[in-house]
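As the structure is a prediction and not an experimental result, all values here were calculated from the model. The analysis underlying the following values was restricted to heavy atoms, covering all of them including side chains, and did not include hydrogens, waters or symmetry mates.
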There are 2 protein chains.
Amino acid sequence: MPKQVDHEQRRQQIAEALLEVTGSQGLEGVSLRHVAAQAGVTSGMVQHYFPSKDAMVAFAMRAASARYSARMTAVLEGLGPAPDPRALVTGLLTALLPLDEQQRQDARVALAFQSYAAHRPAAADALRADNAQLCSFLAGLLAPQGADGPVTARHEHAATALLGLAEGLGIQVVSTGLPAERAVAALHASIDLTLRSLRP
Amino acid sequence: MPKQVDHEQRRQQIAEALLEVTGSQGLEGVSLRHVAAQAGVTSGMVQHYFPSKDAMVAFAMRAASARYSARMTAVLEGLGPAPDPRALVTGLLTALLPLDEQQRQDARVALAFQSYAAHRPAAADALRADNAQLCSFLAGLLAPQGADGPVTARHEHAATALLGLAEGLGIQVVSTGLPAERAVAALHASIDLTLRSLRP
DNA sequence: CTCGTTACGTTGCAGTCGTAACGCGAAGGA
DNA sequence: TCCTTCGCGTTACGACTGCAACGTAACGAG
């Protein structure tokens with residue numbers, strides 16, 4: 001066997017470069033050469049690890065989704081072993097808002113991918129899976145006895161609403177310059193309202 | 001004076017073609033020739049009416065915003081002279097959701113523009129103005145005595161939240177395939193909750 | 001009629017795009 | 001030592017891009 005490298009790591013490195021380019025210039029700025037330059041490699045190497053541009057973008061979407069998942073689990077673990085469900089919900093949803101520069105970057109990337117997925121059913125499927133998973137998890141948190149209570153349609157609807165709210169507010173922050181503190185205030189107020197209505 | 005044409009109407013025609021292209025293929029599919037072909041004119045003519053591609057896109061953004069405004073006022077007028085404030089709020093926000101194919105198209109266009117504005121401060125300013133206007137109008141509707149009551153920070157926050165919610169749900173419908181009826185149910189439930197908390 | 005302005009079409013150019021093909025060095029098995 | 005395979009770079013190609021330049025038809029003023 002000749003020289004062996006870690007393909008997955010190479011792809012990860014290229015994907016990260018793609019996410020940086022996407023965050024600063026949108027998907028329109030994503031070209032093989034541009035991404036390669038950002039990653040500090042040649043465009044031939046990019047081509048060696050991805051059979052086509054579409055494959056590269058698809059891989060980067062999965063990488064971005066993994067990054068979000070990591071952020072979520074970090075929030076979960078940061079709250080300790082037996083956290084207050086209310087703090088869990090608040091922490092999870094607040095983590096979706098672009099409050100610092102890194103999250104603003106991620107939010108711009110996510111926004112670009114949403115727009116991308118709006119005309120590519122294949123890409124939409126990937127996003128749908130992530131979203132459905134997060135939504136059902138959140139619905140569980142909203143149930144009265146923490147994560148073990150009965151999950152009804154009302155909880156599902158509330159989870160859908162809260163997720164949609166966090167997403168919409170985040171997008172307004174990065175695209176229309178809505179002040180982040182207004183987004184946080186609106187989100188927390190809605191969480192209060194929702195919890196009060198579900199756990200009288 | 002030689003032959004005179006209505007410049008504004010020509011630009012409008014071209015902008016509509018741009019919106020159609022954007023709705024079906026995203027902003028990446030927008031090129032001078034492509035838009036011209038969609039509009040049934042030559043690319044030279046497009047160039048004659050817009051000094052650059054950026055100017056064309058900016059004009060189309062204003063056209064899309066005007067289309068949304070028209071939809072809003074149509075909803076307002078469709079509710080008659082002295083409408084129930086609750087019906088007003090519900091009607092306005094529901095009109096933001098992509099419930100038919102035309103609105104899905106518009107939502108994809110809006111999504112593409114949001115992503116576009118996320119890296120162009122100039123474009124973001126235009127979106128911000130529209131959003132702020134709609135938000136303050138909605139805040140007025142949420143006040144207890146219809147449009148004439150005192151508008152407090154709580155109403156502003158509630159309006160921000162409801163607008164963000166409608167936007168986020170709409171995006172999830174077109175980009176992750178969230179069923180439209182779930183979006184409507186979540187939105188209406190949140191409106192109920194909000195109104196109940198603001199008008200006890 | 002002539003002339004100048006406007007509307008619009010055509011062509012060309014410099015650049016970028018994605019992708020395919022080819023080339024070469026390195027590394028290990030035979 | 002040769003040969004194969006992998007890693008990676010280089011080059012080339014056809015398509016497409018935004019844009020500038022030029023050409024021309026139409027029409028009104030003088």
Separation of [X] atom [atom1] from [N] atom [atom2], in whole Å?
X	N	atom1	atom2	value
B/Glu28	D/dG18	CD	P	13 Å
A/Phe50	C/dG18	CZ	P	14 Å
A/Asp6	D/dC6	CG	P	16 Å
B/Asp54	D/dT17	CG	C1'	14 Å
B/Leu32	D/dG18	CG	P	4 Å
A/Met56	C/dT19	CE	C1'	12 Å
B/Met45	C/dT11	CE	P	19 Å

Among [options], which nucleotide sits nearest the side chain of [X]?
X	options	value
A/Ser52	C/dT19, D/dC19, D/dC8	C/dT19
A/Thr42	D/dT10, C/dC8, D/dA12	D/dT10
A/Lys53	C/dG12, C/dG18, D/dG9	C/dG18
A/Arg33	C/dC8, D/dC19, D/dA12	D/dA12
B/Gln47	C/dA20, D/dA20, C/dC8	D/dA20
B/Ser31	D/dT17, C/dA7, D/dG7	D/dT17

Within-4.5 Å side-chain heavy-atom neighbours: A/Tyr116 and B/Glu28: yes
Strictly by modelled atom types, are [X] and [Y] linked by a side-chain donor-acceptor pair under 3.5 Å?
X	Y	value
B/His155	B/Thr152	yes
B/His34	B/Ser43	no
B/Glu167	B/Gln114	yes

Please determine whether a side-chain nitrogen or oxygen atom of [X] lies at a distance below 4.0 Å from atom OP1 or OP2 of [N].
X	N	result
A/His48	D/dG7	yes
B/Arg10	C/dC8	yes
A/His7	D/dG7	yes

For residues B/Leu165 and A/Leu198: do they belong to one hydrophobic cluster (side chain heavy atoms under 4.5 Å, members Ile, Leu, Val, Met, Phe, Trp, Tyr)? yes
If you pin A/Gly44 and A/His34 to their nearest nucleotides in DNA chain C, which one's is more 5'? A/His34
Name the nucleic acid region contacted by B/Val30, choosing base, sugar-phosphate or nothing; use a 4.0 angstrom heavy-atom cut-off, strictly under. sugar-phosphate
